[in-house]
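Comments concern the structure below.
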Amino acid sequence: MFQRKSQNIKYFLSLVPGKRRFGVYRFLPVFFCIGGVMEWVMINVRIGRETFYDVYRRKKSEREYQQKIEDGLIVLTNPVAK
């Protein structure tokens with residue numbers, strides 16, 4: 001069973017040109033394109049109301065604010081009860 005799958009994988013990998021000249025590096029353009037598509041999706045595709053980078057910026061801002069509180073640069077005061 002595994003022998004058959006291994007042969008199928010070897011066959012599909014052999015279809016990619018440039019084996020003699022580039023060796024395993026012939027797959028780099030494929031992975032480069034996959035990375036570019038992932039980056040585009042993270043920037044432009046909204047899940048709900050936010051993209052990945054919206055969440056990243058918000059979390060970074062929250063961490064910086066928390067660090068300023070811990071360093072004593074921001075002093076929190078308790079609100080007066082009415």
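Note that the structure is a prediction, hence the values are computed from the model and not measured.
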Exercise. Quick one: hydrophobic cluster around Leu73, which other residues, with the 4.5 Å side-chain cut-off, linked directly or via members?
Worked result: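 Grouped by the 4.5 Å side-chain rule, Leu73 forms a cluster of one, so the answer is none.
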
For this session: If a pair satisfies salt bridge (Lys or Arg N to Asp or Glu O under 4.0 Å) and one of its residues is in residues 11-29, list it, with sequence neighbours excluded.
Result: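 Qualifying pairs, neighbours excluded: none.
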
Problem set entry | Residue pairs fulfilling salt bridge (Lys or Arg N to Asp or Glu O under 4.0 Å) with at least one residue in residues 31-56, sequence neighbours excluded |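 For residues 31-56: Arg46-Asp54, Glu50-Arg58, Asp54-Arg57.
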
Decide if atom [atom1] of [X] counts as having more than 12 heavy atoms of other residues, nucleotides or ligands within a radius under 6.0 Å.
X	atom1	value
Ile34	CD1	yes
Tyr56	OH	no
Met42	CE	yes

Problem set entry | salt bridge (Lys or Arg N to Asp or Glu O under 4.0 Å) partners of Arg63, counting only residues at least two apart |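 Partners of Arg63 by the salt bridge (Lys or Arg N to Asp or Glu O under 4.0 Å) criterion come out as none, since no residue qualifies.
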
Problem set entry | Considering all heavy atoms, the nearest Val45-Thr51 contact |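 Reported closest heavy-atom pair: O-CG2, 3.7 Å.
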
Exercise. Do Phe52 and Val37 share a hydrophobic cluster (ILVMFWY, side-chain heavy atoms under 4.5 Å, transitive)?
Worked result: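 The answer is no; the residues belong to distinct hydrophobic clusters.
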
Exercise. In the single-linkage hydrophobic clustering (I, L, V, M, F, W, Y; side-chain heavy atoms under 4.5 Å), do Val16 and Val30 co-cluster?
Worked result: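 In one cluster with Val16: Val30, yes.
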
Partner set under side chain to side chain contact (heavy atoms under 4.5 Å, CB included) for [X], not counting sequence neighbours:
X	result
Ile9	Leu13
Val24	none
Phe32	none
Leu15	Tyr11, Phe12

Exercise. What distance separates Ile74 CD1 from Gln66 CD, expressed to the nearest 0.5 Å?
Worked result: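 Here the rounded value is 9.5 Å.
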
For this session: Name all residues meeting the side chain to side chain donor-acceptor pair (under 3.5 Å) criterion together with Asp71; count only those two or more places apart in sequence or in a different chain, and write none if there are none.
Result: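 Partners of Asp71 under the side chain to side chain donor-acceptor pair (under 3.5 Å) test: Gln67.
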
